[in-house]
Amino acid sequence: MTRYLITSALPYINGVKHLGNLVGSMLPADLYARYRRARGDETLFICATDEHGTPAELAALDAGQDVATYCAEQHEVQKTLGEGFGLSWDYFGRSSSPQNQELTQHLARVLWANGHLEVRTTKQVYSHAEKRFLPDRYVIGTCPHCGYDRARGDQCENCTRVLDPTDLINPRSALSGSTEIEIRDSAHLFLKQSTFVEPLRAWIDSHENDWPNLVLSIARKWLDEGLNDRGITRDLEWGVPVPDDIGDGLMKGKVFYVWFDAPIEYIGATKEWSDAAGKPDSEWQKWWRPERQSDVTYVEFMAKDNVPFHTVGFPITIMGSGENWKLVDRIKGFNWLTYYGGKFSTSQKRGIFMDKALELVPADYWRWWLMANAPESADSSFTWEHFASVVNKDMADVLGNFVNRVTKFTVARFDGKVPGEGDYGEDEKLLIAELDKRVAAYAGYLEDIDFRKALAELRAIWVAGNEYLTKAAPWTHVKTDRTKAAVGVRMGLNLVHLFGHLAWPVIPASAKAVHEAIMPAPEVIAWPDQPMAQYLDSLEAGHEIHPPEVLFAKITEEQLAEWKARFGGEDAD
RNA sequence: GGCAGCGUAGCUCAGUGGUAGAGCAGGGGAAUCAUAAUCCCUUGGUCGGGGGUUCAAAUCCCUCCGCUGCUACCA
């Protein structure tokens, strides 16, 4: 049986992530990982913070910390928030780890040995004030085309023209404002991507049927436009050092570009995981260097901006190594989640961030709404009104109220115990047939990693429970035919039990609470494998149940108004 | 400017050649076990505009309009 390796795109270190980041990679990866575990599959779910690069250095500068301290702190912040959202990582690593450094250097060495890297001289902007090289975007000056005086070295934001830092009039450092800058030659390693076009195309074509259109079209666009060789080193201090033995001795003091080492951290974090557990190297290697590629099914989750690096950049690193590293099997890409149709924006404080979100409502509310409305085929839009109406209706009314009405009635009329009288009849058979079909459809959508449809099916399963209960109407029968009422209640309780199992991958904390209405819940709530006829008649007569407190408090009009005002609704820009 | 995606009921979205769909919201009814929750029935769209291909187009082609994003050292 194949093992499942699951990775989520690495959240960048410079601050708390917003809900768009969450829904685009970490949350769907968690849902899928939980589903695999529920089915009993051997599963490893890996994530990490992406810590290198100039933005991290600048954020640290802002915070008045050295970059290592800053990253260590922010890593803990992101780890805590992820756990708050129920993200069930087997390991949440750091791209700055020694393990990643070792692996990154190893892969660079074999690429160098295989002739896939070459040294080229490039022109870089050096700032005397900062005593460092500046990335293009951190050089500002007057645009030669439109005269805008705050144009960036990569592009003028006013006239949108693409620029080179040397084009700027009166160039200066965006960090200090210093004009003491000069253009210096600097040697860098380039990955000869152009030689990989054919194998990449063949590989991508082989996934014609199991990758989403979004992923295929982005990957092919890059190949069609011609792959440029790509610089994989930078003149920075914070990063994985380039080893002396590659690059003809010209790489002293340089580090790898963050996009080179970040995907390698998928492997690095796996090694961090096995090292932390005191396990031998064979433990992480069985995931990344399996005997046969088919021993591991590797699934990656990411937003669409990340697709090129996972369909082109990282695969070239793997292919070019000539070693038997595991290549990704399935890539699930997401579009953008928008906030009232506009972009989530950290700088403009527009949208909702993970820390604030958890202060408002439990994580499962977000998990449900985000995955039920995941931007799978197109961008999707968050609005407070929609969020409140979906959460109140689906979770509180359809699921929560079902659990509540069945369990409360059991206490009121059947002594809080599963009644054993009577046999299932025609109504129960119809329900069982419907649920056999729906549970299979729900599983099918999860296998296909088609989340919106999966959650719509899960909701339909809950609705089927309400429909059944209305038809069975034990509250009516209990007055005249206690046995008939008992049948309805017994089925109702079995449905509660079922719902707890089916909902666990999506809303784990709530599913646990539902499960515990019937009996104590295990760490991993297993998938119901039996046919429904058997499963829905599995609770023992006389078993005592425990009605939960209100499972899902509804979002009130007052809360809605307050949150809209606090976070900015449609009027905010 | 170039490129990509999108534009289907009031709202959020399915549907990619064969008589327009779901959920929510709206309207009517049933029930009263329950967080006034649930269940049944129902109103509602010339599928952004125009042109073309086809026996047949929301679905393929062209064009126009609108929205969003990307445009490579930005993670």
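Only a predicted model underlies this, so the values are computations on that prediction, with no experimental measurement involved.
Geometrically, A:Arg452 does not engage A:Tyr445 in a cation-pi contact, judged by NZ or CZ lying under 6.0 Å from the ring centre and within 45° of the ring axis.
Annotation: B:G49 and B:U35 have their P atoms spaced 48 Å apart (nearest Å). Look at the P atom in both B:C6 and B:G45: the space between them is 26 Å, to the nearest Å. Using atom C1' as the reference point in both B:U43 and B:C24, the two lie 15 Å apart (nearest Å). B:A56 and B:G29 have their P atoms separated by 47 Å, given to the nearest Å. Using P as the reference atom, B:A58 and B:G7 are 15 Å apart when rounded to the nearest Å. For B:G10 and B:G66, the P atoms lie 22 Å apart once the distance is rounded to whole Å. For B:C60 and B:A22, the P atoms lie 23 Å apart once the distance is rounded to whole Å. Spacing of C1' atoms, B:A72 relative to B:A4, comes out at 15 Å, to the nearest Å.
Judged by distance alone, the side chains of A:Asp229 and A:Ser194 do bring a donor and an acceptor atom under 3.5 Å apart.
Annotation: A:Phe567 is in aromatic contact with A:Trp384 [ring centroid separation under 6.0 Å]. The six-membered or imidazole ring of A:His310 lies near that of A:Tyr266, with a centre-to-centre distance under 6.0 Å.
Remark: A:Lys453 is in phosphate contact with B:G15, judged by side-chain N or O atoms under 4.0 Å from OP1 or OP2. Distances shown here put a side-chain N or O of A:Tyr257 below 4.0 Å from the OP1 or OP2 atom of B:A75.
Closest to the side chain of A:Val398, from the set B:A75, B:U38, B:U35, is B:U38. Distance from the side chain of A:Pro55 is smallest for B:C74 among the nucleotides B:U38, B:C74, B:U35.
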Table of protein N/O atoms under 3.5 Å from nucleotides 8-12 of chain B N/O atoms:
none

Short heteroatom pairs, N/O only, protein and nucleotides 40-44 of chain B, under 3.5 Å:
residue, atom, partner, partner atom, Å
B:C40, OP1, A:Glu467, OE2, 3.3

Between the protein and nucleotides 24-31 of chain B, are there any N/O to N/O pairs under 3.5 Å, and if so, what are the atom names and distances?
none

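In this structure A:Asn466 satisfies the side chain to side chain donor-acceptor pair (under 3.5 Å) test together with A:Arg405, sequence neighbours excluded. Applying the salt bridge (Lys or Arg N to Asp or Glu O under 4.0 Å) criterion to A:Asp364, with sequence neighbours excluded, gives no partner residue. Judged as a side chain to side chain contact (heavy atoms under 4.5 Å, CB included), and not counting sequence neighbours, the contacts of A:Pro547 are A:Thr407, A:Val411, A:Ile545. Qualifying ring pair (Phe, Tyr, Trp, His ring centres under 6.0 Å) partners for A:Phe256, counting only residues two or more places apart in sequence or in other chains: A:Phe260. With sequence neighbours left out, A:His188 forms a side chain to side chain donor-acceptor pair (under 3.5 Å) with A:Ser186, A:Thr233, A:Asp235. The salt bridge (Lys or Arg N to Asp or Glu O under 4.0 Å) search around A:Lys123 returns A:Asp185, not counting sequence neighbours. With sequence neighbours excluded, no residue forms a side chain to side chain donor-acceptor pair (under 3.5 Å) with A:Lys453.
Counting to the nearest Å, the P atom of B:U68 and the CG atom of A:Leu337 are 16 Å from each other. Between the CH2 atom of A:Trp336 and the P atom of B:G5 there is a distance of 16 Å, rounded to whole Å. Rounded to whole Å, the distance from CD on A:Glu457 to P on B:A22 is 15 Å. Distance A:Phe382 CZ to B:C13 P: 13 Å, rounded to the nearest Å. The separation between A:Glu376 atom CD and B:G5 atom P is 18 Å, rounded to whole Å. B:C33 atom P lies 13 Å from atom CG of A:Asn401, rounded to whole Å. We find that NZ of A:Lys471 is positioned 19 Å from C1' of B:U32, with the value rounded to whole Å. A:Trp238 has its CH2 atom 16 Å from the C1' atom of B:A75, to the nearest Å.
Searching all strands for a Watson-Crick or G-U wobble partner of B:U12 with both distances below 3.5 Å returns B:A22. Remark: B:C67 base-pairs with B:G5; criterion is Watson-Crick or G-U wobble with both hydrogen-bond distances under 3.5 Å. Figure legend. B:A58 is base-paired to no nucleotide; pairs are counted as Watson-Crick or G-U wobble with both atom distances under 3.5 Å. Across the strands present, B:U32 finds no partner; the criterion is a Watson-Crick or G-U wobble pair with both atom distances under 3.5 angstrom.
Judged by distance alone, the side chain of A:Ser380 and the main-chain N or O of A:Asn373 form a donor-acceptor pair under 3.5 Å.
Projected onto RNA chain B by closest heavy-atom contact, A:Gln124 and A:Lys408 fall at different nucleotides, the more 5' of which corresponds to A:Lys408. A residue-by-residue look at A:Trp259 and A:Asp397 shows that A:Asp397 has its nearest nucleotide of RNA chain B further toward the 5' end.
The salt bridge (charged side-chain N to carboxylate O under 4.0 Å, His left out) contacts involving residues 331-341 of chain A comprise A:Lys332-A:Glu376, where partners must be two or more places apart or lie in separate chains. Pairs engaging residues 49-62 of chain A under the side chain to side chain donor-acceptor pair (under 3.5 Å) rule: A:Thr49-A:Glu51, A:Thr49-A:His75, A:Glu51-A:Arg94, A:Glu51-A:Ser96, A:His52-A:Asp261, A:Glu57-A:Arg132 [sequence neighbours left out].
Residue contacts shown for A:Phe552 include a base, since a base heavy atom lies under 4.0 Å away. Among the protein residues, A:Val550 comes within range of the nucleic acid bases, having at least one heavy atom under 4.0 Å from a base atom.
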